[in-house]
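The basis for the numbers below is simple: all heavy atoms, side chains too, and nothing from hydrogens, waters or symmetry mates. Position 1 is the first residue of the sequence; numbering continues from there.
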Amino acid sequence: PDAGILLRLARQERLESELATPGGKLTPGFLRAYGRWIDRLALPLDGPNEAVSCRTKSPGHFDATLRNLRLLAEFPAIDLKINTAVTTHNLEAVPELLSLLDGIVPTLPNRLALDIYQRHPRTVSAGTPEWAVSDEAFDALRALNQRESHPYKVTWIDRRATSGLY
């Protein structure tokens, strides 16, 4: 509930702000009121369609994220970052997700970046260790997809990079 106030205060202090949200409460009214203080908005997107997305997110999350992307096109000064956690549930669908974003980016005036990170035992909750992706599987996915060029920056974040954060 205090996000708008915190965004305004960050701007007053000349701090850069990134709002990371699942997007459920992102509305045109919120963006009209506080968007001028958001430098970057981060949204999770774990699949290229609802069938894949609902394996790890609530039903409807995929459609809500696409609605938010269309909504953010009205706020071109806000940079966008998509966070994709690679799990055993979406490993094979990541190339299709990249293709989906390749098609969406030309419709957005916003700058877009994509962070793709490896879900591994140190980043999974106690109830989902089976979601962990092996180093070999993540490295193979990265090698296969780094050959392609995309109209946005893609950052591959493996467990070696995130382990130090835990």
How far apart are the C-alpha atoms of Thr107 and Leu69, what are their side-chain angles, what is the distance that settles it, and do they pass the side-chain contact (heavy atoms from CB on, under 4.5 Å) test?
-> CA-CA 10 Å; Thr107 69; Leu69 290 175; over 6 Å; no
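- Few gaps surround CD on Gln12; more than 12 heavy atoms of other groups in view lie less than 6.0 Å from it.
- The distance from the CD1 atom of Ile38 to the CD atom of Glu18 is 10.5 Å, given to the nearest 0.5 Å.
- Side-chain N or O atoms of Ser58 include none that pairs as donor or acceptor with a backbone N or O of His61 at under 3.5 Å.
- Smallest separation of non-hydrogen atoms from Ile5 and Tyr34: N-CE2, 4.5 Å.
- Taking all atoms of both residues into account, the shortest heavy-atom contact from Phe62 to Leu45 is CD1-CD1, 3.7 Å.
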Would you please test Glu16 and Arg40 for salt bridge (Lys or Arg N to Asp or Glu O under 4.0 Å) and show each step?
-> CA-CA 8 Å; Glu16 188 173 298; Arg40 184 174 42 231; 3.8 Å; yes
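- Atom CG of residue Leu9 and atom CD of residue Glu13 lie 7.5 Å apart, to the nearest 0.5 angstrom.
- Side-chain contact between Arg111 and Tyr152 is absent, with no heavy-atom pair separated by less than 4.5 Å.
- Taking both residues in full, the closest heavy atoms of Pro109 and Ala73 are given as CG-O, 3.3 Å, listed atom of the first, atom of the second, then distance.
- One distance of note links OG of Ser99 with CD1 of Ile104; it measures 11.0 Å at 0.5 Å rounding.
- In summary, of the residues considered (Val52, Thr65, Asp46), a side-chain contact (heavy atoms from CB on, under 4.5 Å) with Lys57 occurs for Asp46 alone.
- Checked against Leu80 for a side-chain contact (heavy atoms from CB on, under 4.5 Å), the options Asn68, Leu114, Val105, Leu108 give a single hit: Leu108.
- Between the side chains of Thr87 and Asn90, a donor-acceptor pair is found at a separation under 3.5 Å.
- Nearest heavy atoms, Asn83 versus Tyr117: CB-CE2, 4.3 Å.
- Other residues, nucleotides and ligands place no more than 12 heavy atoms under 6.0 Å from the CD atom of Glu92.
- Distance check, rounded to the nearest 0.5 Å: CD1 of Ile157 to OG1 of Thr84 gives 10.0 Å.
- Using a 4.5 Å heavy-atom threshold, the side chains of Thr21 and Phe30 count as separate.
- Here the side chains of Leu100 and Asn49 are not in contact, with every heavy-atom distance at 4.5 Å or above.
- The nearest pair of heavy atoms linking Ala137 to Leu91 is CB-CD2, 3.9 Å.
- Two residues are said to be in side-chain contact when any heavy atoms from C-beta on lie closer than 4.5 Å; Leu98 and Glu148 fail this criterion.
- Contact of the Val154 side chain with the Gln146 side chain is not registered, since no non-hydrogen atoms from C-beta on lie closer than 4.5 Å.
- Between the side chain of Asn110 and the backbone N or O of Phe75 there is at least one donor-acceptor pair closer than 3.5 Å.
- Within the 4.5 Å cutoff, the side chain of Ile116 has heavy atoms near those of the Val86 side chain.
- Scanning all heavy atoms of the two residues, the minimum distance from Leu71 to Pro28 falls at CD1-CG, 3.7 Å.
- Between the side chain of Glu50 and the main chain of Gly60, a donor-acceptor pair closer than 3.5 Å is present.
- To the nearest 0.5 Å, the span separating CG on Asp39 from OG on Ser17 amounts to 4.0 Å.
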Verdict with reasoning, Asp139 to Gln118, per side-chain hydrogen bond (donor to acceptor under 3.5 Å, both in side chains) | CA-CA 9 Å; Asp139 291 343; Gln118 178 185 7; over 6 Å; no
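- Here CG of Leu26 is found 4.5 Å from CG of Leu31. Values are rounded to the nearest 0.5 Å.
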Start with the C-alpha distance between Leu43 and Leu72, add both sets of side-chain angles, then the distance that settles side-chain contact (heavy atoms from CB on, under 4.5 Å), and finish with yes or no.
-> CA-CA 11 Å; Leu43 297 169; Leu72 285 162; 4.2 Å; yes
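- Using a distance-only test at 3.5 Å, with no hydrogens or angles considered, no donor-acceptor pair links the side chain of Arg119 to the main chain of Trp131.
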